[in-house]
Trainee: 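Mind having a look at this structure? Questions to follow.
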Amino acid sequence: MRTRAIATAAWLAAAASALALALALVLALAGCGRGGEDGVQRAEDAARAALGDVEVTACRVDDELQWPAATVRITNHTATTSSYVVQIAFEDGAGRQVTEGVAAAGSLPPGQDTLEQAQGTADPHGPVSCRIADVVRYAGP
């Protein structure tokens with residue numbers, strides 16, 4: 001069980017680094033173009049569209065680790081192959097965020113979907129709800 005927790009924590013650290021890199025790329029690209037405001041608007045529109053590609057299909061506390069876990073369906077509604085990084089907030093019964101997790105999908109072809117897992121890293125001491133906190137979508141090979 002400890003090996004699984006360590007491996008999960010290492011994967012989450014790598015996914016968080018990928019999320020930070022993707023966010024930096026989106027912010028850098030948002031500043032390009034005719035004007036800063038136009039770039040910011042395009043980035044906001046892209047973020048809203050990417051959010052429509054993701055849904056939480058299951059939210060639970062893992063029996064073995066006692067950490068929250070979410071199953072996320074990612075559907076590529078674009079015309080190009082895309083990669084996704086999805087941040088999930090795990091909240092307790094009072095609506096307070098207990099922890100967060102990341103689900104990722106790489107090189108998802110247009111019109112295709114995939115089920116991915118997001119794993120939190122703290123015991124919520126009770127039931128949880130799952131909320132999509134952020135989605136980064138970028139075109140990929």
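Position 1 is the first residue of the sequence, and the numbers go up from there. Quick note: numbers below take in every heavy atom, side chains included, and nothing from hydrogens, waters or symmetry partners.
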Trainee: What's the spacing between Gln97 CD and Ile88 CD1 if we round to 0.5 Å?
Mentor: 10.5 Å

Trainee: Roughly how far, to the nearest 0.5 Å, is the CG atom of Asp123 from the OG1 atom of Thr99?
Mentor: 10.5 Å

Trainee: Can a side-chain donor-acceptor contact be found between Gln117 and Thr71 if the only test is distance below 3.5 angstrom?
Mentor: yes

Trainee: In terms of side-chain heavy atoms, does Glu116 have a donor or acceptor partner in Thr114 at a distance below 3.5 Å?
Mentor: yes

Trainee: Looking only at heavy atoms, which two atoms of Ala118 and Gly101 are closest? And how far apart?
Mentor: CB-C, 4.1 Å

Trainee: Return the OH to OG1 distance between Tyr138 and Thr78, rounded to the nearest 0.5 Å.
Mentor: 13.0 Å

Trainee: Determine, using the 4.5 Å side-chain heavy-atom cutoff (strictly less than), whether Ile132 and Val72 are members of one ILVMFWY cluster.
Mentor: yes

Trainee: Same hydrophobic cluster for Val102 and Val136, using side-chain heavy-atom links shorter than 4.5 Å among ILVMFWY?
Mentor: yes

Trainee: Quick one: pull up CD in Glu91 and CD in Glu100 and give me the separation to the nearest 0.5 Å.
Mentor: 11.0 Å

Trainee: With clusters defined by side-chain heavy atoms of hydrophobic residues (ILVMFWY) lying less than 4.5 Å apart, directly or transitively, does Leu51 cluster with Val56?
Mentor: yes

Trainee: Verify side chain to side chain contact (heavy atoms under 4.5 Å, CB included) between Phe90 and Val61, making sure each step is shown before the conclusion.
Mentor: CA-CA 10 Å; Phe90 296 100; Val61 176; over 6 Å; no

Trainee: Any heavy-atom pair between the side chains of His77 and Asp53 that's under 4.5 Å?
Mentor: yes

Trainee: Quick one: pull up CZ in Arg137 and CD1 in Ile74 and give me the separation to the nearest 0.5 Å.
Mentor: 11.5 Å

Trainee: Would you find a donor on one side and an acceptor on the other, under 3.5 Å apart, between the side chain of Ser82 and the backbone of Thr80?
Mentor: yes

Trainee: With a 4.5 Å cut-off on side-chain heavy-atom distances among I, L, V, M, F, W and Y, is there a chain of contacts connecting Val98 to Val86?
Mentor: no

Trainee: Can you hop from Val128 to Trp67 via hydrophobic side chains spaced under 4.5 Å?
Mentor: no

Trainee: Looking at every heavy atom in both Ser107 and Ser83, which two are closest together, and how far apart are they?
Mentor: N-OG, 2.9 Å

